[in-house]
Amino acid sequence: MGRGDLSDAEWARLKLHLPRNVGRGGRWKCHRRVINGILFRLRTGIPWRDLPARFGKWQTAYDRHRRWSADGTWEKILRAVQADADAQGRIDWSMASVDSTVCRAHQHAAGARRRPPKVPGRRVRPAHHRDDEGLGRSRGGLTAKVHLVGEGGLRPLALLITPGQWGDAPQMIPVLDSVRVPRPGGGHPRTRPDHLSGDRAYSSRRNRRYLRRRQIKHTIPEPRNQQANRRRQGSAGGRPTGFDRERYARRNEVERLIGKLKINRAVAMRFDKRAYIFHGTVTIAAIRLWLRA
């Protein structure tokens, strides 16, 4: 086993949720070696063609990563390992935090074809495909942004890819709606934490109204301009928002989570041209965090 490869315990937790070999041909016979190759590229950020020979053909690793990113297999695996962790009581639902991080895009990430991609073997578009490919120009140049919700155990519950110049507040509702942890015993998946924290970028009437409607308690500081506007309106401005400093101190958890994700160079700098492939790359990094004890 090489540095960064799946350990026996991690492989035992992962192999139960991988696609099974159906029919003739034996397409999925070397899952562990191929996934270790995908993890090696995730950690180092090297071009696919430079993948070491011990992982097999680089085209096999790239094709499997692209295919599983397109048909949503990586996301299904993420939800399956989340369900296992929830059944063991390893998810801290008492506090979740929402935040985002900007990822610089390598020059090789630009120049995707304008023609929409398709899922191999199907006449449908890939999951999480974006017409803008999740790339935009901001002060840092060509960038992408990863929005995520993290639980108290420093692991992501859901994530979303947008262009780098997009604001944080409008993406809070879509990323929270993506939280769906299945229950092994059946029934509706769990979709909301007990408490949510976020920085002042997420302070808006729309977001607070959404959280109240879903009965999610929240700790989000109110910017000074919003405070002044509320006082200026008098009684029509509503009551001051509550703020718990002790709970807000736990917001460092999501920032530490972002640091863990961006240890992987293929996440810290985007090399993938297509948004759905980059979404799959970040999802693999999230899966690796959930597999660790």
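- Put simply, the side chain of Lys145 never gets that close to the backbone of Thr101: no donor and acceptor are under 3.5 Å apart.
- A salt bridge does not link Asp244 with Lys217: none of the charged nitrogens is closer than 4.0 Å to a carboxylate oxygen.
- Arg41 meets the salt bridge (Lys or Arg N to Asp or Glu O under 4.0 Å) test with Asp272; sequence neighbours excluded.
- In this model, no donor atom of one side chain and acceptor atom of the other lie less than 3.5 Å apart for Asp84 and Trp290.
- Using a 3.5 Å distance cut-off with no hydrogens or angles, the side chains of Ser69 and His128 do not pair a donor with an acceptor.
- Through direct or indirect side-chain contacts shorter than 4.5 Å among Ile, Leu, Val, Met, Phe, Trp and Tyr, Leu135 is connected to Leu142.
- Ion pair Asp71/Lys76 not flagged as a salt bridge, since none of the NZ, NE, NH1 or NH2 atoms sits closer than 4.0 Å to an Asp/Glu carboxylate oxygen.
- Remark: side-chain polar atoms of Arg43 are paired, donor with acceptor, to backbone N or O of Arg3 under 3.5 angstrom.
- Side-chain atoms of Ser197 and Thr219 include no donor-acceptor pair closer than 3.5 Å.
- Between Arg274 and Glu133 a salt bridge is recorded (basic side-chain N to carboxylate O distance below 4.0 Å).
- The residue from Trp74, Tyr62, Tyr276 that alone fulfils the ring pair (Phe, Tyr, Trp, His ring centres under 6.0 Å) condition with Trp68 is Trp74.
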Stepwise salt bridge (charged side-chain N to carboxylate O under 4.0 Å, His left out) test for Arg32 and Asp8: CA-CA 10 Å; Arg32 187 170 185 177; Asp8 292 338; 2.9 Å; yes
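- Residues satisfying the salt bridge (Lys or Arg N to Asp or Glu O under 4.0 Å) criterion with Asp92, sequence neighbours excluded, are Arg250.
- Side-chain N/O atoms of Asn207 and His218 include no donor and acceptor closer than 3.5 Å.
- With hydrogens and angles left out, the side-chain atoms of Arg214 and Thr191 include a donor and acceptor closer than 3.5 Å.
- Taking the ring centroids of His65 and Trp48, they lie under the 6.0 Å cut-off.
- Residues Asn36 and Trp11 form no side-chain contact, since every pair of their non-hydrogen atoms from C-beta on lies 4.5 Å or further apart.
- In this structure, the side chain of Arg64 does not engage the main chain of Ile38 through any donor-acceptor pair within 3.5 Å.
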